[in-house]
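In the text below, chain A, chain B and the rest are named by the order of the sequence lines, each starting its count at 1.
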Number of protein chains: 2
Amino acid sequence: MPRIVDVARRAGVSTATVSRALNGKPVRPELLAAVTAAAAELGYTPDRTARSLRRRSSDVVALVLPDVENPFFTAVARGVEDVAQAHGVSVVLCNTDDDAAKEARYLAVAQDENMAGVVIAAASGRPALAPLLARDRAVVAVDRAVADDVDLVTFDNVALGRAATQGLLARGFRRIACVTGPAATSTAVERAQGWRDALADAGLPAPDDLLVRSDFRVAGAHDAAVALLDREPRPDAVVATNNLGGVGVLRALAERGVPVAASARAADGVPAGAAAEGAGSGDVAGCGVAIVGDLPFATSSTDGVLFVPLDPRDLGAAAARMLMERIRGLDVPARRVVQRVAALA
Amino acid sequence: MPRIVDVARRAGVSTATVSRALNGKPVRPELLAAVTAAAAELGYTPDRTARSLRRRSSDVVALVLPDVENPFFTAVARGVEDVAQAHGVSVVLCNTDDDAAKEARYLAVAQDENMAGVVIAAASGRPALAPLLARDRAVVAVDRAVADDVDLVTFDNVALGRAATQGLLARGFRRIACVTGPAATSTAVERAQGWRDALADAGLPAPDDLLVRSDFRVAGAHDAAVALLDREPRPDAVVATNNLGGVGVLRALAERGVPVAASARAADGVPAGAAAEGAGSGDVAGCGVAIVGDLPFATSSTDGVLFVPLDPRDLGAAAARMLMERIRGLDVPARRVVQRVAALA
DNA sequence: TTGTATGCGTTATCAC
DNA sequence: GTGATAACGCATACAA
């Protein structure tokens, strides 16, 4: 492997000049030409390890995610990667499994590797960012809020939960349950708050037993939905506050033979009316479903489901752009960006 | 940040002894105790950049994947990550989009970063591994074969394609189409060969116009399936050789209002019989579907679909284990491991 | 502008 | 077994 001295010799200059030439520092045009020619002929590429040691910072950023198997986060990753690559920086993907210990370990690695920055969708609400911040590393929180005062780019989660719920209300549903994620996850909490707000706006109760905190995964949401279906009276619709939650809910409905209802039947507006006198208000009718997010791998049966679509790739791209700014030295107070959301689908 | 000299001073030894103590080299027990104590008190962690520079190899491995948004590959990533983490090595995820140029770029980065090794599911059949191999870096190909003579862990793809097809044959289907991936991808080619073999074994023709090479993605497979549904006579079943292909096929069927058929009707065994005299042999009947792989995010409507399940996580774990062996210095000829496959589902 | 010389933090080599 | 010291490959302070 050619090293910088080889290029220097071949170009007839010093290593310092090679370094400067290759890093865009002022160099006489003819020498620059000689250097780039020599580098090209030798197929020289700088050793990034040595460069990192010297610069005390590498061209790598960490992307810390709670679940790489969730299409939402892989889309975030794509967004981050797109802009990072455009800036010549590599992305290390770190999967925390929503586990604070794993997360802490990865953040330590990011520090020991002298990575330039971190984009994090935090497992815990209080990730161990202090050492990184002390070292003046760039940090951007994405999707989920964190305790530290760092750049943050999220959706308007309350609005998302509200939109999903209002959509169901508009379709005539009244007894609307909510399947959300962990209490430690801001998105889960805020979207559930949106559900609560929408019901309150409509003058409806939002009883605690219609709110189930699960884990934002398929199996958990599935179990939560099954439990909801056993409630008496059964809810006539369910809001899933994330994509995998939606999958779990749809599976539960399918298992129980409850079809997805695009809208409530006319009589449902009457609380204790005719519908309740049979085996319960929803025993034979379908169940409304609203999902915050998308199901990119759904196999077709989502007719009647109300989606509040998100663009996680765009979210990731926005976060990465903010990170690049910080890496380039931008020194302003922490920014909070709320990503625009498309209309209901 | 504490450095190795700080630990040395505090423990009253030289930096060399600290290094040895922390790396498990022989050191007098009392000194070892002093060093570990000092390191703990200071919260010292070695700078991995400096270590990499000196050792000429880092504790990071690259995982080069064609599509991080494909659940199959994220599962592979999980498997790789699990064993890598157990060995104290971090995993850099690189997404090539099945693009040879992007792939080459990432491989160059792996080299410049002095990464310890690479696990690759190659975009092209001939990835640019030569520089890495010349530098004596560990390389393991996973899922997809490559031209270079490196360790390889795959499924028995011909058997997979054959199993999917035989399953459909056993259910009575006869005119079975195949939607597979790019001609440059070994899995796509081999599974299609399995389809061909199974038909030949059954004494049936495998006409070229029933084999569609797509891109292993949803949209591509969808379009391919739509085209197949327009054939006259229409195929009575389709084999999708990967998971996303399966999604695309199922969506196409749903769009066209063609139900998934768990088995062919009795008369289908007769080539030019009664079924053909109407609007075509399959115009009203359903269509059989077999999928190599799984649909972790299917929302329920996969009744009747024949799955040939895979365990990509296990595949990734196996590849990572081989990589770890190589990194630890194992020096044997390239190995070819064919991963066991579960029975039909 | 350019070259020389030093340092980044660690591990490996050499004497002891 | 231990300590002093020289690398690893690059970027920069300083001198020219």
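- As judged by a 4.0 angstrom heavy-atom cut-off over every strand, Val5(A) is placed among residues making no nucleic acid contact.
- Between Ile120(B) and Val140(B) there is no side-chain heavy-atom pair separated by less than 4.5 Å.
- Atoms CG (Asp47(B)) and P (dG9(D)) sit 17 Å apart, rounded to a whole Å.
- Counting only heavy atoms from C-beta on, Val13(A) has its side chain closest to dG3(C) among dG3(C), dT11(C), dC10(D).
- Rounding to whole angstrom units, CZ of residue Arg135(A) and C1' of dG9(C) are separated by 11 Å.
- To the nearest 0.5 Å, the span separating CG on Leu32(B) from OG1 on Thr17(B) amounts to 10.5 Å.
- Within the structure, salt bridge (Lys or Arg N to Asp or Glu O under 4.0 Å) contacts touching residues 101-110 of chain B (residues at least two apart or in different chains) are Asp97(B)-Lys102(B).
- As rounded to whole Å, 13 Å separates atom C1' of dG9(C) from atom CG of Asn23(B).
- For the pair Asp67(A) and Arg217(A), the salt-bridge criterion is met [side-chain N within less than 4.0 Å of a carboxylate O].
- What separates CZ of Arg55(A) from P of dC8(C) is a distance of 17 Å, to the nearest Å.
- Closest contact between the side chain of Thr17(B) and the listed nucleotides dG3(D), dG9(C), dT2(C) involves dG3(D).
- Taking only side-chain atoms of Arg20(B), from C-beta outward, the nucleotide of dT1(C), dT13(C), dG9(D) with the closest atom is dT13(C).
- Side-chain proximity of Ala16(A) to dA4(D), dT4(C), dC10(D): nearest is dT4(C).
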Between Glu325(B) and Arg328(B), is the salt bridge (Lys or Arg N to Asp or Glu O under 4.0 Å) condition met? List the steps. CA-CA 5 Å; Glu325(B) 293 171 355; Arg328(B) 293 191 182 299; over 6 Å; no
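- For Ala50(B), the listed nucleotide lying nearest its side chain is dT10(C); candidates were dT2(C), dA5(C), dT10(C).
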Step by step, work out the side-chain hydrogen bond (donor to acceptor under 3.5 Å, both in side chains) result for Tyr106(A) and Gln85(B). CA-CA 10 Å; Tyr106(A) 274 120; Gln85(B) 173 133 12; 3.0 Å; yes
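- Within 4.0 Å of Ser19(A), counting heavy atoms only, lies at least one base atom of the nucleic acid.
- Residue Arg48(B) is classed as having no contact, given no heavy-atom separation below 4.0 Å to the nucleic acid.
- To the nearest angstrom, C1' of dG9(C) lies 14 Å from CD of Gln111(A).
- Put simply, CD1 on Ile327(A) and CG on Leu323(A) are 4.0 Å apart, with the number rounded to the nearest 0.5 Å.
- Checking the phosphate oxygens (OP1, OP2) of dT2(D), a side-chain nitrogen or oxygen of Arg28(B) falls inside 4.0 Å.
- Straight-line distance from the CZ atom of Arg51(B) to the P atom of dG9(D): 18 Å, rounded to whole Å.
- Taking the C1' atoms of five terminal pairs at each end of the helix from dT1(C)-dA16(D) to dC16(C)-dG1(D), the two resulting helix axes are inclined by 40°, rounded to 10°.
- Going from atom CG of Asn114(B) over to atom P of dG9(D) covers 9 Å, rounded to whole Å.
- The phosphate of dT10(C) has neither OP1 nor OP2 within less than 4.0 Å of any side-chain N or O from Arg56(B).
- For Ser14(B) and Arg54(B), each mapped to the nucleotide of DNA chain D holding its nearest heavy atom, the one lying further toward the 5' end belongs to Ser14(B).
- When the C1' atom of dT11(C) is taken as reference, atom OH of Tyr44(B) falls 10 Å away, rounded to whole Å.
- A donor-acceptor pair shorter than 3.5 Å can be found between the side chains of Arg137(B) and Asn114(B).
- At dT1(C), none of the side-chain N or O atoms of Lys25(A) fall inside 4.0 Å of OP1 or OP2 (strictly under the cut-off).
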